[in-house]
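One structure is given here, and the rest of the page talks about it.
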Protein chains: 2
Amino acid sequence: MEKTRKTTLSDVAALADVSPITVSRALRDPEKVSPDARARITLAIAQLGYVPNPAARALASGRTDVVGVIIPSVSNNVFADVMRGIYDGLQDSQLGVQLGTTRYAPSTEEQLVRVFLSQQPAGLIVAGHDQSPGARALLERADCPVVQIMEVGPQPIDLVVGLSHYQAARDGAQHLLDSGYRAPAFLGAQMDPRSQRRLAGFRDCLIAAGLGGDDPVVTTPEPSSVSLGCRLFADLIATRPQTDAVLCNNDDLALGVLFEAQRRNIRIPDRLGICGFNDHEMMSAAEPPLTSVATDRYEMGRAAILQIRDRLAGRGQPRGHAIDLGYRLVPRRSTARVTP
Amino acid sequence: MEKTRKTTLSDVAALADVSPITVSRALRDPEKVSPDARARITLAIAQLGYVPNPAARALASGRTDVVGVIIPSVSNNVFADVMRGIYDGLQDSQLGVQLGTTRYAPSTEEQLVRVFLSQQPAGLIVAGHDQSPGARALLERADCPVVQIMEVGPQPIDLVVGLSHYQAARDGAQHLLDSGYRAPAFLGAQMDPRSQRRLAGFRDCLIAAGLGGDDPVVTTPEPSSVSLGCRLFADLIATRPQTDAVLCNNDDLALGVLFEAQRRNIRIPDRLGICGFNDHEMMSAAEPPLTSVATDRYEMGRAAILQIRDRLAGRGQPRGHAIDLGYRLVPRRSTARVTP
DNA sequence: ATCATGGATGACAGCGCTGTCATTCGTCAA
DNA sequence: TTGACGAATGACAGCGCTGTCATCCATGAT
């Protein structure tokens, strides 16, 4: 296989009988080139199969068309939905994505921020607002739009798209109380900062309801899974048989609770209420359908990209702008207790 | 905020009192630099907070440290597992990932291949072996390692890590027959090429068993989901009430079938056997636990990256090398019929 | 002492593109 | 007719790094 030199701007320019600069302009800013020249250039590009070299462009212009995305994990389906939103938001743009995963380690996150920023990205999307001081300093100094997603909170670095996990979980807990449950518990895995705030919302709800003496919480740092939901629920009722409802940190756990309850012939919703978090598609399909606090992960990703695109187009929101996508409690049969 | 010029190799060189070339070498090939100089350079780098410019490196060397990954979708948890394997395989390497999603569209895939190749990646990972002729031609001409994942098949482009979906599904169907089911059906969504081959395996198994007269298959091009499993199963038993088992194209559908069967009080496994595909973690947690054909998506991603790393290190496998990760039938209660 | 050897280092040019001017030319108002 | 103006185009230099050679010097064999 012959090592054929790649065709360059100059090749195109020669064929189209213009200067390389004009070709460059025709590519980036077609308006600025006469229709005549533009046509010849387009033809030449097609004939030569020319593809621009992004490294050269990046070096010369100090910009790339890549948006860096830094999330804790790809195998968490919350982030899968976010990514889908990001890719959809990218449609009809020149932008690409570079993805990094932190595995929930702040030091890894900081390193990724450093690496990504060194590539002079068009924008950066990071999950959460619990960056290490170092990472935060880097991001504040970044000369590209930075979007913190997942969560709204104090002191945004630049742009924010998220929701209040505290409030969402607090409302979920309140829903359990409103449905007549008197001894709700919290089940949590992978207790990242957002999970911690959900837990705080749960606790405050109980305190506000005068049920604060106890702390019916079972958590683990393990990654979340359906099986883990089974195990945590088993632990929970072993130590607190009086529990009559569970607020789960996410839907996987809720599904595990459902299965474990079925195994033990615990009747849902009468003997046990179940509320998940996120409202993954499967929640409505389950038997009984499972109540959950719906979050719009897809829109979170999509909105983040659109914020960046707006900024790049010069009509973006100012630094500090936050979009609160909110949440929605979706009551289903799993908490529809007939007699309190 | 002052636009501070980034520190460059020359700045480091000046501080360390060596030439820029030596700094460059110290970074890429520390062995070739004297310990003395290396120490001064390391110190200077730390003092200046120097971070190399990957665009400049890419332009000068014609190489990048980025592996392109082209998959159909990120929200399919099969690919989420693959991605996790990829990121784990990347540990302790300089490599990064650029991810593109095709949305199951061959034209999008071809375009992504073109764009990614223009970035002169360190390697490329693509899902499946049903690339368009154009994409295939580009990949064959690529001067970087190319790994086709998910599936083993004829005429590999370069390297392959996968399994035979045909055989895996055929074994799944055979398991249903061996368990005493006489009228198994196939449920499929998002009928991509791999799903088609699974379906073919199912059909051939039935034919081989003398049950080929009929074609008990319900499929849809819609993306897979648990709810869709419910609906497809409802359709199935409406048109073919005699069905006594289902082989599902994936685990989401299987879970949907379970829920729908529960809703209709169809007893599992006696009245209905359920077999999924992939053996997602939730399958073992379900009640009853669900039989599935296990595939090692994680290892698929990991092995793909390791193949690329080996190649880059000069000790890789030759073109055409394929790794068949196989599959494993995991029988559980959902197909454990007591009386055939 | 002399020369070949190889490790360490450096000079030079250039990767392909774009920012910043400068230049050309046609058009229109005065 | 003239000058001013703006659209279209081009020349030049340089982004930060690396490939390819060339150079230097200590070492050990002769």
Side-chain angles (χ1 to χ4, degrees), chain A residues 3-42 44-45 48-66 94 115 117-122 143, chain B residues 3-42 44-45 48-66 94 115 117-122 143:
Chain A
K3 175 146 190 172
T4 49
R5 197 179 59 84
K6 290 198 55 165
T7 59
T8 72
L9 255 193
S10 311
D11 301 331
V12 175
L15 185 56
D17 197 30
V18 292
S19 78
I21 306 304
T22 306
V23 178
S24 170
R25 255 191 298 258
L27 252 33
R28 282 172 300 146
D29 218 345
E31 322 279 281
K32 294 230 187 297
V33 174
S34 67
D36 179 44
R38 208 186 312 161
R40 292 202 315 278
I41 290 170
T42 310
I45 287 176
L48 297 172
Y50 168 72
V51 182
N53 178 329
R57 182 200 298 254
L59 181 57
S61 69
R63 298 237 114 276
T64 64
D65 287 338
V66 174
Q94 294 299 318
V115 170
L117 282 179
S118 80
Q119 327 218 359
Q120 327 207 83
D143 72 339
Chain B
K3 174 148 189 170
T4 49
R5 198 179 59 84
K6 290 197 52 166
T7 61
T8 71
L9 257 193
S10 311
D11 301 332
V12 176
L15 184 56
D17 197 31
V18 292
S19 79
I21 305 303
T22 306
V23 178
S24 169
R25 255 191 298 256
L27 251 33
R28 282 172 300 145
D29 218 345
E31 321 279 283
K32 295 229 187 298
V33 174
S34 67
D36 179 43
R38 210 187 310 162
R40 292 203 313 279
I41 290 169
T42 310
I45 287 176
L48 296 172
Y50 168 73
V51 182
N53 178 329
R57 182 200 298 254
L59 181 57
S61 69
R63 299 237 114 276
T64 64
D65 286 338
V66 174
Q94 294 300 317
V115 171
L117 282 179
S118 81
Q119 327 218 1
Q120 327 208 85
D143 72 338

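Naming convention: chains lettered A, B, ... in sequence-line order (proteins, then strands); numbering from 1 in each chain. Remember, it's a predicted structure, so these values are computed and weren't measured experimentally.
Atoms CG (Leu9(A)) and C1' (dG19(C)) sit 14 Å apart, rounded to a whole Å. If you measure from atom CD of Glu31(B) to atom C1' of dG6(C), you get 16 Å, rounded to the nearest angstrom. Nucleotide dC15(D) holds its C1' atom 10 Å from the CD atom of Gln120(A), rounded to whole Å. Taking atom NZ of Lys32(A) as the reference point, atom P of dG10(D) lies 16 Å away to the nearest angstrom. In this structure, Gln119(A) places its CD atom 16 Å from P of dG16(D), rounding to the nearest Å. Taking atom CG of Asp11(B) as the reference point, atom C1' of dC15(D) lies 14 Å away to the nearest angstrom. Gln94(A) has its CD atom 12 Å from the P atom of dT18(C), to the nearest Å. Note: CG (Asp36(B)) to P (dT9(C)) measures 8 Å, nearest angstrom.
Arg38(A) is linked by a salt bridge (Lys or Arg N to Asp or Glu O under 4.0 Å) to nothing, counting only residues two or more places apart in sequence or in another chain. With sequence neighbours left out, Arg57(B) forms a side-chain hydrogen bond (donor to acceptor under 3.5 Å, both in side chains) with no residue at all. The side-chain hydrogen bond (donor to acceptor under 3.5 Å, both in side chains) check on Asp29(B) picks up nothing, with sequence neighbours excluded. Shown here are the salt bridge (Lys or Arg N to Asp or Glu O under 4.0 Å) partners of Arg25(A), two or more places apart in sequence or in another chain: there are none.
Among all heavy-atom pairs drawn from Ala58(B) and Thr64(B), the shortest one is CB-CG2, 3.6 Å. The nearest pair of heavy atoms linking Thr8(B) to Tyr50(B) is C-CE1, 3.5 Å.
Residues from residues 17-26 of chain A lying near DNA chain D, meaning a heavy-atom separation below 4.0 Å, are Val18(A), Ser19(A), Ile21(A), Thr22(A), Arg25(A) in numerical order. Listed by residue number, Leu59(B), Ala60(B) are the residues of residues 51-66 of chain B with a heavy-atom contact under 4.0 Å to DNA chain C.
Note: Gln120(A) CD to Ser61(A) OG = 8.0 Å, rounded to the nearest 0.5 Å. Annotation: the span from Ile41(B) atom CD1 to Leu9(B) atom CG amounts to 9.5 Å, rounded to 0.5 Å. In this structure, the separation between CD1 on Ile45(A) and CG on Leu27(A) is 4.5 Å, given to the nearest 0.5 Å.
For the pair Val51(A) and Gln119(B), the minimum side-chain heavy-atom distance is 4.5 Å or more.
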Scan the side chains in residues 15-24 of chain B for donor-acceptor partners under 3.5 Å anywhere in the protein, sequence neighbours excluded, and list what turns up.
residue, atom, partner, partner atom, Å
Ser19(B), OG, Thr22(B), OG1, 3.3
Ser24(B), OG, Arg28(B), NE, 3.3
Ser24(B), OG, Arg28(B), NH2, 2.7

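Two end axes, each from the C1' atoms of five base pairs, can be drawn for the helix from dA1(C)-dT30(D) to dA30(C)-dT1(D); they diverge by 40°, to 10 degrees.
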